[in-house]
Amino acid sequence: MDLTPYVDNLRRELAAAADASGDEARALAERLSVPLESAARLTLLNVLSAAMGDVTRELAPGSVDVRLRGLDPEFVVTPPPAPEPVAEVRELAAAPVVAAPPAGDADDGTMVRINLRLPAHLKGRAEGAAAAEGLSVNAWLVWAVSLALDGGERPNASGRGKSSGGFTGWVR
């Protein structure tokens, strides 16, 4: 990033302010413009470093560094590691299948609520996988658990699991 236009703009502003005060002020502004250039560059570099610190905090575990090459700062971006493909869910199908509950414990359609706390990196991956399947995160998690425990099938395009030719959903 070239800081020269910003420093030149500062010089022009200083000269314009000095012109309004006469010849003596103009001469003083010319003498001060050279030392002010390095102060202005240092100040701009500090501002850029602070801003990239904020960006790095938001981008973690990636980062953005500001390096000085000659007189100009350079940004070095280290992106966060790319998320792995959602192969884990497909690998669950190969996991040992837990025996189905006895017939007396068959699903009566009752819904229950549980709280699930995921690490942030898994939450983001689960949201991405759900979006790729066209499902809500909740529906995708139900499918993933069903797949892990019962060898369930991949949801169809409507996001409703196996298609039986009938209707599913809530009725009033």
Verify same cluster id: Val47, Met52 (apolar side-chain graph, 4.5 Å): no
Spacing of Arg125 atom CZ and Leu118 atom CG [to the nearest 0.5 Å]: 11.0 Å
Chi angles and distances behind the side-chain contact (heavy atoms from CB on, under 4.5 Å) call for Leu28, Glu24: CA-CA 6 Å; Leu28 178 62; Glu24 193 175 304; over 6 Å; no
Donor-acceptor pair, side chain of Thr56 and main chain of Val64, under 3.5 angstrom: yes
Arg69 and Asp72, any side-chain heavy atoms less than 4.5 Å apart: no
Between CG on residue Asp54 and CZ on residue Arg57, distance to nearest 0.5 Å: 4.5 Å
Inter-residue atom distance Leu122.CG - Leu116.CG, 0.5 Å rounding: 9.5 Å
Side-chain touch Tyr6/Leu44, heavy atoms, less than 4.5 angstrom: yes
Nearest-0.5 Å distance that lies between atom CH2 in Trp143 and atom OG in Ser136: 13.0 Å
Side chain to side chain contact (heavy atoms under 4.5 Å, CB included), paired with Glu37, selected from Thr4, Leu10, Val7: Val7
Within one Ile-Leu-Val-Met-Phe-Trp-Tyr cluster: Leu149 and Val142, side-chain cutoff 4.5 Å: no
Non-hydrogen atoms of Leu45 and Val66 that approach each other most closely: CD1-CG1, 3.7 Å
Euclidean distance, Glu74 CD relative to Arg67 CZ, rounded to 0.5 Å: 8.0 Å
Common cluster, Leu141/Leu135, ILVMFWY with side-chain heavy-atom separation under 4.5 Å: yes
Pair Lys123 + Glu127: basic N to acidic O under 4.0 Å: yes
Under 3.5 Å donor-acceptor, Thr43 side chain and Ala39 backbone: yes
Closest approach of Arg12 to Pro5 (non-hydrogen atoms, all atoms of both residues): NH2-O, 4.5 Å
